[in-house]
Amino acid sequence: MLSQKQAEEEMVSSFNDTEQEEKEEENKAGHSMFGLKSFLWHGGSVYDAWFSCASNQVAQVLLTLPYSFSQLGMLSGIILQIFYGILGSWTAYLISVLYVEYRSRKEKENVRFKNHVIQWFEVLDGLLGPFWKALGLAFNCTFLLFGSVIQLIACASNIYYINDKLDKRTWTYIFGACCATTVFIPSFHNYRIWSFLGLGMTTYTAWYLTIASFVHGQVEGVTHSGPTSLVLYFTGATNILYTFGGHAVTVEIMHAMWKPQKFKYIYLLATLYVFTLTIPSAAAVYWAFGDKLLTHSNAFSLLPHSGWRDAAVILMLIHQFITFGFACTPLYFVWEKVVGMHDTKSICLRALTRLPVVIPIWFLAIVFPFFGPINSAVGALLVSFTVYIIPALAHMLTYRSASARKNAEEKLPFFLPSWTAVYVVNTFVVVWVLVVGFGLGGWASMTNFIKQVDTFGLFAKCYQCPPPPSAAAAAAHH
């Protein structure tokens with residue numbers, strides 16, 4: 001017990017040194033000022049990590065899950081949420097174990113990480129070599145890039161339901177500029193108040209969707225025919241895979257903790273809370289509107305205009321700004337390391353360095369404004385590898401030798417105390433996600449995505465917008 005505690009203290013020594021220096025510097029400016037700033041700005045506890053995981057895990061996808069239920073049917077929608085939630089929690093656990101293993105090995109070599117944020121590709125490089133570093137870097141960066149794109153698309157899609165005087169593409173221009181301000185947030189260490197507020201916002205929105213759907217009641221002649229085709233079924237399934245694949249930033253969140261070893265079960269606890277938001281809201285909206293959701297990927301589009309809905313839209317906009325920062329911050333770190341600015345203490349200089357990262361995100365959000373279908377495509381092609389297949393394979397390869405298993409920094413979980421059982425579970429994850437998530441899901445989601453491109457075209461000015469009254473009247477007359 002004593003040796004384990006010593007190892008934990010050694011692992012976070014450099015982080016604690018940084019914390020102590022910050023405290024000393026700010027104490028010079030005044031104790032009360034430090035107390036307020038620490039409360040709002042300096043997060044690193046277990047609770048901060050839980051809020052970060054829960055807040056980041058469900059954002060705009062909350063609005064597309066009813067769309068997925070219309071593709072899957074009620075029963076499959078609920079079962080797959082629970083299944084992928086557990087699967088995602090397991091691979092997040094594997095990532096946390098590999099991070100602890102990597103950091104403990106480096107600490108024993110007297111490597112310190114002051115002013116340096118450890119990232120997933122560095123963990124893979126340290127444990128498995130340069131090939132895995134390149135693989136992790138490619139998938140993780142591409143996923144986070146499109147994750148940021150999706151948040152930007154969602155901002156434009158949501159604000160349109162409050163103010164339709166501007167089309168969605170124009171709103172994308174505006175929110176791209178707003179989201180660029182996330183370059184001023186140094187690291188996940190500084191997301192304490194944002195994570196807390198973000199989770200409150202998604203909680204309100206989820207229960208608004210649930211209650212508003214029941215108050216509205218079922219639309220006349222409602223039908224619940226899903227699933228009607230394999231394409232729709234696997235498209236919906238990969239959107240749920242995407243929903244519970246938000247742990248691409250697990251390593252960065254762990255590195256922001258004062259004691260990273262305590263992260264192990266945080267993602268599972270966050271997922272259990274997220275279930276209370278995603279399952280009731282998706283089920284209620286699907287119950288009320290049924291197959292109409294097949295052509296309305298944003299749940300807000302079917303609910304009647306009200307002050308409650310406007311509040312939910314505004315809160316989701318703010319939360320999407322926060323989630324944009326969550327997805328983009330690891331990309332900022334990578335870019336800083338490429339240009340040699342990662343160790344710079346000046347926030348303004350780092351912000352200036354980070355700005356080029358936002359430009360391609362802005363551009364891609366304008367090219368592919370397909371809110372809903374793009375989630376499934378990203379889920380199948382990127383999330384499947386980034387947060388399911390690669391972590392499971394990396395864990396098996398890291399501990400493939402008897403000596404590695406014997407000297408593992410983290411012991412096996414109490415619910416799976418056998419290495420054979422761990423390897424069986426990891427093999428199942430790899431095979432299932434490769435065949436069902438990437439294979440069938442990739443085929444279905446890309447078929448649906450290409451259909452959207454054929455229907456609306458690239459650079460669509462206003463994706464899934466209702467026609468203007470004059471155009472609608474003319475069409476009806478014709």
Side-chain angles (χ1 to χ4, degrees), residues 3-4 7-8 10-11 83-84 86-111 113 118-143 241 244-245 247-255 260-268 382-439:
S3 61
Q4 184 177 354
E8 181 179 300
E10 285 177 8
M11 186 189 312
F83 174 73
Y84 280 121
I86 294 170
L87 214 62
S89 299
W90 171 251
T91 53
Y93 170 80
L94 297 181
I95 292 171
S96 72
V97 168
L98 293 173
Y99 169 86
V100 169
E101 184 69 38
Y102 167 77
R103 185 158 183 176
S104 65
R105 291 183 188 182
K106 289 297 181 182
E107 292 285 348
K108 288 172 185 175
E109 296 170 6
N110 292 320
V111 176
F113 297 99
I118 298 172
Q119 295 190 266
W120 176 230
F121 69 91
E122 293 170 319
V123 173
L124 291 173
D125 183 31
L127 297 176
L128 297 173
F131 170 78
W132 284 88
K133 173 186 177 180
L135 196 67
L137 187 62
F139 274 105
N140 214 43
C141 287
T142 310
F143 166 47
L241 178 143
F244 295 98
H247 43 293
V249 295
T250 296
V251 170
E252 288 83 0
I253 291 173
M254 285 187 72
H255 193 81
Q261 280 188 326
K262 293 187 176 181
F263 183 87
K264 285 180 286 190
Y265 303 116
I266 287 175
Y267 194 87
L268 175 62
L382 298 173
V383 175
S384 57
F385 281 94
T386 304
V387 295
Y388 292 99
I389 295 173
I390 291 177
L393 285 175
H395 189 269
M396 289 193 285
L397 291 173
T398 299
Y399 298 108
R400 62 188 179 275
S401 68
S403 61
R405 293 193 292 272
K406 182 180 178 181
N407 298 315
E409 189 69 26
E410 285 286 340
K411 302 309 174 187
L412 293 174
F414 70 91
F415 56 85
L416 212 62
S418 161
W419 278 105
T420 302
V422 169
Y423 270 73
V424 168
V425 172
N426 284 345
T427 303
F428 170 78
V429 171
V430 171
V431 174
W432 175 274
V433 176
L434 189 63
V435 174
V436 178
F438 176 72

**Prompt:** What's the verdict on side chain to side chain contact (heavy atoms under 4.5 Å, CB included) for T250 and F263, showing C-alpha distance, side-chain angles and the deciding distance?
**Reply:** CA-CA 9 Å; T250 296; F263 183 87; 3.5 Å; yes
Exercise answer: donor-acceptor pairs, residues 411-425 side-chain atoms, under 3.5 Å, sequence neighbours excluded:
from	atom 1	to	atom 2	distance (Å)
K411	NZ	A408	O	3.2
S418	OG	T420	N	3.2
S418	OG	A421	N	3.4
Y423	OH	M396	O	2.5
Y423	OH	Y399	O	3.0
Y423	OH	R400	N	3.3

May I have the list of side-chain donor-acceptor pairs in residues 89-98 shorter than 3.5 Å, sequence neighbours left out?
from	atom 1	to	atom 2	distance (Å)
S89	OG	G85	O	2.8
S89	OG	T271	OG1	3.3
W90	NE1	N426	OD1	2.9
T91	OG1	L87	O	3.4
T91	OG1	G88	O	3.2
T91	OG1	H247	NE2	2.8
T91	OG1	V387	O	2.8
S96	OG	Y93	O	2.6

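Remark: K133 engages no residue in a salt bridge (charged side-chain N to carboxylate O under 4.0 Å, His left out) (not counting sequence neighbours). In this structure, the side chain to side chain donor-acceptor pair (under 3.5 Å) partners of W432, at least two apart in sequence or on a different chain, are Y84. Every side chain to side chain donor-acceptor pair (under 3.5 Å) that E252 has, sequence neighbours left out, goes to Q119. Listed by chain and residue number, E101 satisfy the salt bridge (charged side-chain N to carboxylate O under 4.0 Å, His left out) test with R105 (two or more places apart in sequence, or in another chain).
Screening residues 119-140 for ring-ring contact (aromatic ring centres under 6.0 Å, His included), with sequence neighbours left out, gives F139-F385. Listed by first and then second residue, the side-chain hydrogen bond (donor to acceptor under 3.5 Å, both in side chains) pairs that reach into residues 382-392 come to none, sequence neighbours excluded.
Side-chain contact between M254 and V100 is present, with at least one heavy-atom pair separated by less than 4.5 Å.
A salt bridge is defined here as a Lys NZ or Arg NE, NH1 or NH2 lying under 4.0 Å from an Asp or Glu carboxylate O, and K108 with E409 meets this definition.
Here the straight-line distance linking atom CG of L268 with atom NZ of K264 works out to 13.0 Å at 0.5 Å rounding. The line from CD1 of I390 to CG of L124 is 7.0 Å long, rounded to the nearest 0.5 Å.
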